[in-house]
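For reference, the structure discussed in these notes is given below.
Residue numbers begin at 1 in each chain, while the letters A, B, ... track the order of the sequences.
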There are 2 protein chains.
Amino acid sequence: MEEQAVIQALGALAQATRLRILRYLVTMGPAGAAAGDISKKVGASASRTSFHLSTLADAGLINATRASRSIIYRVDFDAMGAMIGYLVRDCCKSDPRVTTCC
Amino acid sequence: MEEQAVIQALGALAQATRLRILRYLVTMGPAGAAAGDISKKVGASASRTSFHLSTLADAGLINATRASRSIIYRVDFDAMGAMIGYLVRDCCKSDPRVTTCC
DNA sequence: ATCATATTTCAACAAAAGTTGAAATAGGAG
DNA sequence: CTCCTATTTCAACTTTTGTTGAAATATGAT
């Protein structure tokens with residue numbers, strides 16, 4: 001994973017609403033959740049939620065598929081793994097104080 | 001680690017100059033590096049470097065100790081581990097696609 | 001005390017990110 | 001086609017972040 005992509009992913013997660021969205025999507029697993037459901041769950045307006053979903057999707061941490069009228073969002077666990085792997089290995093040289101956390 | 005602290009740490013790393021600073025400090029290990037050295041290494045002005053060092057220190061990812069005229073900064077690997085641990089466990093429920101990265 | 005070095009602080013500004021509410025787009029139902 | 005629901009887009013605005021250069025603080029050397 002390239003540095004610029006890592007920075008974008010970190011920035012995407014560095015925001016309360018977006019971190020809540022991601023955590024919710026993790027609990028929903030492969031089923032994912034529709035934008036409207038997410039909006040209700042995190043207590044944010046539709047447009048605000050849409051904005052944050054785009055930010056997470058642009059960073060590659062979630063992806064979207066349309067299902068009839070709804071758009072379903074799902075966590076991209078591989079992208080999360082790539083970002084975390086960068087932090088652990090490239091950034092922290094796999095220092096034991098870091099790797100023991102996983 | 002609390003959510004607010006995680007967000008602050010993620011935000012601290014989500015910036016090119018600061019990510020470069022952290023990576024440099026990782027390579028310096030327990031010896032750390034003086035603000036001036038860091039400034040040269042990352043190619044940023046003294047005041048800009050100082051600003052970013054404060055941001056990283058406020059987030060708890062590095063700490064500072066004075067040594068004569070210089071101020072030595074070092075990575076706090078435990079803080080890095082705590083942040084990453086939050087992402088892996090609390091956030092991603094230790095999903096295998098995430099844990100295999102460490 | 002004076003001077004030089006190392007670093008931070010400050011104020012002014014520029015740029016990026018987040019919020020709001022209204023309007024636009026897309027898809028399905030009658 | 002018209003209506004309803006789901007979601008995004010847009011423009012205006014507010015807030016937060018980052019940059020700059022000058023001034024302030026702190027330490028050590030002469």
Side-chain angles (χ1 to χ4, degrees), chain A residues 3-25 28 31-75 83, chain B residues 3-25 28 31-75 83:
Chain A
E3 178 172 304
Q4 187 46 50
V6 173
I7 289 171
Q8 197 178 353
L10 289 167
L13 289 183
Q15 210 275 351
T17 304
R18 288 196 295 265
L19 193 55
R20 243 180 299 147
I21 289 174
L22 194 108
R23 278 162 64 83
Y24 175 54
L25 288 179
M28 299 305 284
D37 292 351
I38 298 168
S39 178
K40 275 171 204 138
K41 200 74 184 184
V42 305
S45 72
S47 81
R48 206 175 133 204
T49 303
S50 179
F51 168 75
H52 288 307
L53 285 169
S54 297
T55 304
L56 285 165
D58 287 350
L61 298 176
I62 64 176
N63 35 51
T65 57
R66 180 174 279 276
S68 171
R69 277 183 287 199
S70 298
I71 296 184
I72 307 297
Y73 287 91
R74 294 178 185 81
V75 174
M83 185 199 77
Chain B
E3 178 172 303
Q4 187 46 51
V6 173
I7 289 171
Q8 196 178 354
L10 289 167
L13 289 183
Q15 211 274 352
T17 304
R18 288 195 296 264
L19 193 54
R20 244 180 299 149
I21 290 174
L22 194 107
R23 278 163 64 84
Y24 176 54
L25 288 180
M28 299 305 284
D37 292 351
I38 298 169
S39 178
K40 275 170 205 140
K41 200 75 184 184
V42 305
S45 71
S47 80
R48 205 174 134 204
T49 303
S50 180
F51 167 75
H52 288 306
L53 286 169
S54 296
T55 304
L56 286 165
D58 287 350
L61 298 176
I62 65 175
N63 35 54
T65 57
R66 181 175 279 277
S68 171
R69 277 183 288 199
S70 298
I71 296 184
I72 307 296
Y73 287 91
R74 295 178 183 83
V75 174
M83 186 199 76

Whole-Å distance separating the [atom1] atom of [X] from the [atom2] atom of [N]:
X: B:I7; N: D:dT17; atom1: CD1; atom2: P; answer: 11 Å
X: B:Q15; N: D:dG18; atom1: CD; atom2: P; answer: 5 Å
X: B:I72; N: C:dT7; atom1: CD1; atom2: P; answer: 7 Å
X: A:F51; N: D:dT8; atom1: CZ; atom2: C1'; answer: 13 Å
X: B:Q8; N: D:dT16; atom1: CD; atom2: P; answer: 14 Å

Less than 4.0 angstrom between a side-chain N/O of [X] and OP1 or OP2 of [N], yes or no?
X: A:R69; N: C:dA26; answer: no
X: A:H52; N: C:dA17; answer: no
X: A:Y73; N: D:dA6; answer: no
X: A:S68; N: C:dG28; answer: yes
X: B:S70; N: D:dT27; answer: no

Among C:dT7, D:dG18, D:dT20, the one nearest B:R18 by side-chain distance: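 Comparing C:dT7, D:dG18, D:dT20 against the side chain of B:R18, the answer is D:dG18.
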
So if I take every side-chain heavy atom of A:R66 and compare against C:dG27, D:dG28, C:dT7, which nucleotide ends up nearest?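 The nucleotide sitting nearest to the side chain is C:dG27.
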
Below 4.5 Å, heavy atoms only, C-beta onward: do [X] and [Y] meet side chain to side chain?
X: A:K41; Y: A:I21; result: no
X: A:R74; Y: A:L25; result: no
X: B:L61; Y: B:L22; result: yes

Select base, sugar-phosphate, or nothing to describe what [X] touches, counting heavy atoms under 4.0 Å on all strands.
X: A:S47; value: base
X: A:S50; value: base
X: A:A34; value: sugar-phosphate
X: B:A46; value: base

Distance (rounded to the nearest 0.5 Å) between A:T55 OG1 and A:Q8 CD: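 Interatomic distance, A:T55 OG1 to A:Q8 CD, rounded to 0.5 Å: 9.0 Å.
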
What's the separation between atom CG in B:L56 and atom CG in B:L13, rounded to the nearest 0.5 Å? 6.5 Å

Upstream residue (5' side of DNA chain C) when B:S54 and A:G11 are each assigned their closest nucleotide: B:S54

Mapping A:K40 and B:T17 to their closest nucleotides on DNA chain D, which lands nearer the 5' end?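 Of the two residues, A:K40 wins.
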
